[in-house]
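Below, read A as the first sequence line, B as the second, and so on, with proteins coming before strands; counting in each chain starts at 1.
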There are 2 protein chains.
Amino acid sequence: MDRTTGASGFTGISGHVPLSPPTLADVAERAGVSRQTVSNAVNNPDLLRAETLVRVQRAIDELGYLPNRAARNLRTRASHLVGLRLSPVQEGTANAAMDRFVHSLVWTSREAGYHVLVFSGEGADPLEGYDDLVRSTAVDAFIVTDTYLGNPQATWLRQRRAPFVAFGRPWDDPEARHPWVDVDGAAGTELATRHLLDRGHTRIAWIGWRKDSRIGEDRRSGWSRALKERGLSTTGMASRVEDTVWSGRDASSHLLDEARPTAFVCASDTLAMGVLRTLAERGLHPGRDIAVVGFDDSQVAQVVYPGLTSVRQPLEEVAVAVVRALEDLLGVPTKVADGLLLTPDLTIRASSGA
Amino acid sequence: MDRTTGASGFTGISGHVPLSPPTLADVAERAGVSRQTVSNAVNNPDLLRAETLVRVQRAIDELGYLPNRAARNLRTRASHLVGLRLSPVQEGTANAAMDRFVHSLVWTSREAGYHVLVFSGEGADPLEGYDDLVRSTAVDAFIVTDTYLGNPQATWLRQRRAPFVAFGRPWDDPEARHPWVDVDGAAGTELATRHLLDRGHTRIAWIGWRKDSRIGEDRRSGWSRALKERGLSTTGMASRVEDTVWSGRDASSHLLDEARPTAFVCASDTLAMGVLRTLAERGLHPGRDIAVVGFDDSQVAQVVYPGLTSVRQPLEEVAVAVVRALEDLLGVPTKVADGLLLTPDLTIRASSGA
DNA sequence: CCGACCCAGTTGAACGATCCAAGGCGCCAG
DNA sequence: CTGGCGCCTTGGATCGTTCAACTGGGTCGG
């Protein structure tokens with residue numbers, strides 16, 4: 001043990017900083033015990049006599065010791081890292097969910113002892129990026145966010161035996177056995193529609209996504225359920241378009257002319273912004289003349305005039321549930337539920353009536 | 001070499017997936033060479049005869065071998081990970097720069113062989129989070145984004161000898177020796193102001209941040225420089241407030257009453273949204289009656305009616321420069337410039353005149 | 001009195017890649 | 001024949017941690 005560095009303290013207290021951080025052996029030497037005992041002090045404190053534990057702990061504090069990740073990872077065959085693929089930035093949309101989710105996830109993961117490694121799959125192949133990480137054992141598991149539309153990620157990851165938790169239901173595969181967490185979009189739009197019904201609206205239109213979007217159809221079902229519940233018809237009141245401001249503008253413009261709704265429920269804030277644009281062009285005032293509700297409670301909804309009522313996903317709760325599923329997957333098999341569906345709420349602003 | 005796993009192929013081609021990925025030794029055996037040769041094939045290909053290289057390469061491909069990160073990290077004392085602290089999500093603002101920057105950074109880093117580890121410093125102490133990562137040698141370097149207002153991160157990291165690159169100038173410390181990349185905010189607002197001057201405006205107001213914000217004052221200087229260049233006065237034309245929509249609303253309302261500007265340049269899109277609110281409340285039309293320019297080209301600017309002209313930071317270029325500085329810092333000391341200042345451009349939309 | 005068992009530690013061997021030194025072997029030039 | 005060079009092998013050490021096996025003493029039941 002003739003390491004020439006590290007024994008002189010690693011914290012900022014002493015005058016100089018040594019080249020390399022202290023190791024288990026340094027701590028052991030200082031505490032007068034063996035390496036293994038120090039290791040136990042860190043990982044299985046109850047194996048030590050109280051007195052010894054104190055002595056080791058003091059040595060740890062004095063040296064500012066923290067286990068070297070690489071060494072620990074090598075031995076335990078785990079990195080305590082979870083991979084999260086960032087979906088491409090959509091310019092010109094109001095998408096804000098990802099941002100909030102990432103923050104919540106990072107925060108929650110840290111509590112559980114995990115760090116988040118982000119990577120991107122911008123290129124053509126959505127699987128690009130996963131491969132390297134799996135094969136080089138860089139992450140312990142993945143968080144997968146886009147499970148809709150027959151997304152191949154889930155299948156691919158299962159084949160590779162790569163553990164993962166999904167934010168999003170396995171729409172296409174009821175046999176799926178992986179853990180997932182999702183938000184009940186239908187409940188959200190139902191909430192929104194009821195809110196408008198309670199305010200006296202009876203002609204409430206829907207602007208959503210293309211029919212092959214499972215999420216879009218789910219959200220749409222909440223709107224139609226709420227209307228039918230009150231014996232109101234939905235025919236001619238729905239439009240399904242791309243998720244852009246201009247699509248929302250055109251769709252709302254058509255609906256206003258044809259179906260004469262007094263309120264709009266939209267599958268996204270982006271589409272709702274399109275509705276607001278139509279209203280502005282026609283000199284109509286959102287909230288007073290026509291009510292509008294969006295989905296996701298994005299920054300746009302928060303700052304736009306006069307404030308956009310929007311369905312807000314409980315992303316903090318999602319993150320907590322995802323991390324819990326992760327711990328279950330990687331640690332002891334407590335085996336909680338396979339899937340968990342959370343309920344969103346509604347942030348009410350002036351666009352649905354002041 | 002009696003590993004019972006790994007020799008049967010790791011890719012999804014064969015029927016079953018072995019429990020552990022192939023190692024150097026597996027590849028060596030299959031290619032009929034020694035471990036050392038495989039290692040050389042991966043790290044110093046030019047040491048091998050072309051023919052041998054091909055053989056080893058084929059074995060690598062067939063087994064789907066990738067070096068185990070933990071083992072490599074342990075030996076080379078590097079993780080090929082860079083840490084990025086996410087700044088807290090600001091609800092109710094239009095902040096979008098971080099999001100775009102993260103994406104660009106992740107993308108660029110990957111090209112350079114680095115992955116991005118995100119962590120959060122939500123708590124009271126902005127240094128929280130850094131400490132663990134430094135001491136457990138989890139990351140090779142940091143990307144620091146908030147270097148303004150006497151932020152302690154830079155100083156702290158330097159003391160710990162933790163390599164880092166800053167996105168943002170070391171405003172308070174001209175002696176700083178760390179590499180940094182920044183965007184010339186003043187050039188941006190000058191561009192915006194000139195754009196308005198060219199459109200015939202002469203009474204152009206400024207809404208910015210508190211005086212102790214170095215970034216805010218920098219952006220302000222671009223506005224005043226452009227005005228003075230044309231012999232126009234700035235007195236009574238500026239307001240300095242918090243970065244919220246409501247502050248922007250109040251400030252613009254006051255300025256409209258007192259100074260009668262025909263255009264506004266703002267330090268952020270959030271403030272610009274406040275101006276749009278004032279205009280809406282007064283029945284004024286942005287772009288036709290009063291021109292407005294924001295800063296950051298956020299999603300809000302892109303989707304709001306009738307479209308918000310905004311200064312756009314070249315975050316992709318920033319990311320490229322940051323990663324280059326990183327490589328310089330961690331690899332061979334090519335030693336490019338210490339600091340680099342990039343110029344933003346202006347995304348013109350209807351709010352500054354259709 | 002003997003074997004089983006617990007306690008509180010210690011010791012040696014992995015984990016998988018990298019790095020280094022020494023050496024083998026075939027081949028060509030001097 | 002010798003020396004040198006190109007290309008590869010061999011053996012070993014190393015990074016810092018954790019795991020499995022073991023030690024030496026004490027206690028307990030039969």
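A rotation axis mapping the C1' atoms of four pairs onto the next four is fitted at both ends of the helix from C/dC1-D/dG30 to C/dG30-D/dC1 over five pairs, and the angle between these axes is 50° to 10 degrees.
Between A/D26 and A/R30 there is no salt bridge, since no side-chain N of the basic residue sits under 4.0 Å from a carboxylate O of the acidic one.
Interface remark: the A/R35 side chain does form a donor-acceptor pair with the C/dG12 base, using a distance-only criterion of under 3.5 Å. Donor-acceptor pairing under 3.5 Å, judged by distance alone, is present between the side chain of B/R75 and the base of C/dT18.
One finds a side-chain N or O of A/T37 lying less than 4.0 angstrom from the OP1 or OP2 phosphate oxygen of C/dT10. The side chain of A/N73 places no N or O atom within less than 4.0 Å of a non-bridging phosphate oxygen (OP1 or OP2) of C/dC15. At least one side-chain nitrogen or oxygen of B/S39 sits closer than 4.0 Å to the OP1 or OP2 atom of C/dT18. Residue B/N43 places at least one side-chain N or O closer than 4.0 Å to OP1 or OP2 of C/dT18.
Ring geometry for B/F164 versus B/H178: interplanar angle of 30 to 60°, hence tilted. Ring orientation note: the planes of A/F101 and A/F167 are tilted relative to one another, at an angle of 30° to 60°. Between A/Y130 and A/W156, the angle of the ring planes lies from 30° to 60°, which puts this pair in the tilted group.
When the nucleotides C/dA17, D/dT17, C/dT10 are ranked by their closest atom to the side chain of A/P67, D/dT17 comes out on top. Listed nucleotides: D/dG16, D/dC7, C/dT10. Nearest to the side chain of B/R49: D/dC7. Proximity note for A/L74 (side chain, C-beta onward) versus C/dG9, D/dT17, C/dG16: the nearest is C/dG16.
Mapping A/A71 and B/S34 onto DNA chain D by nearest heavy atom places B/S34 at the nucleotide closer to the 5' end. Of the residues near DNA chain C, A/V38 and B/R72, the one whose nearest nucleotide (by heavy atom distance) lies more toward the 5' end is A/V38. Nucleotides of DNA chain D nearest to B/L48 and B/T76 differ in position, and the one nearer the 5' end is that of B/L48.
No option in A/R72, A/H80, A/R69 other than A/R69 meets the side-chain hydrogen bond (donor to acceptor under 3.5 Å, both in side chains) test with B/S136.
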Nucleotide N/O of nucleotides 21-27 of chain C paired with protein N/O under 3.5 Å:
none

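As a whole-Å value, the separation of B/R55 CZ from D/dC7 P is 14 Å. Rounded to whole Å, atom P of D/dT17 lies 13 Å from atom CZ of B/R135. For the pair B/N40 CG and C/dC19 P, the interatomic distance rounds to 9 Å; values are reported in whole Å.
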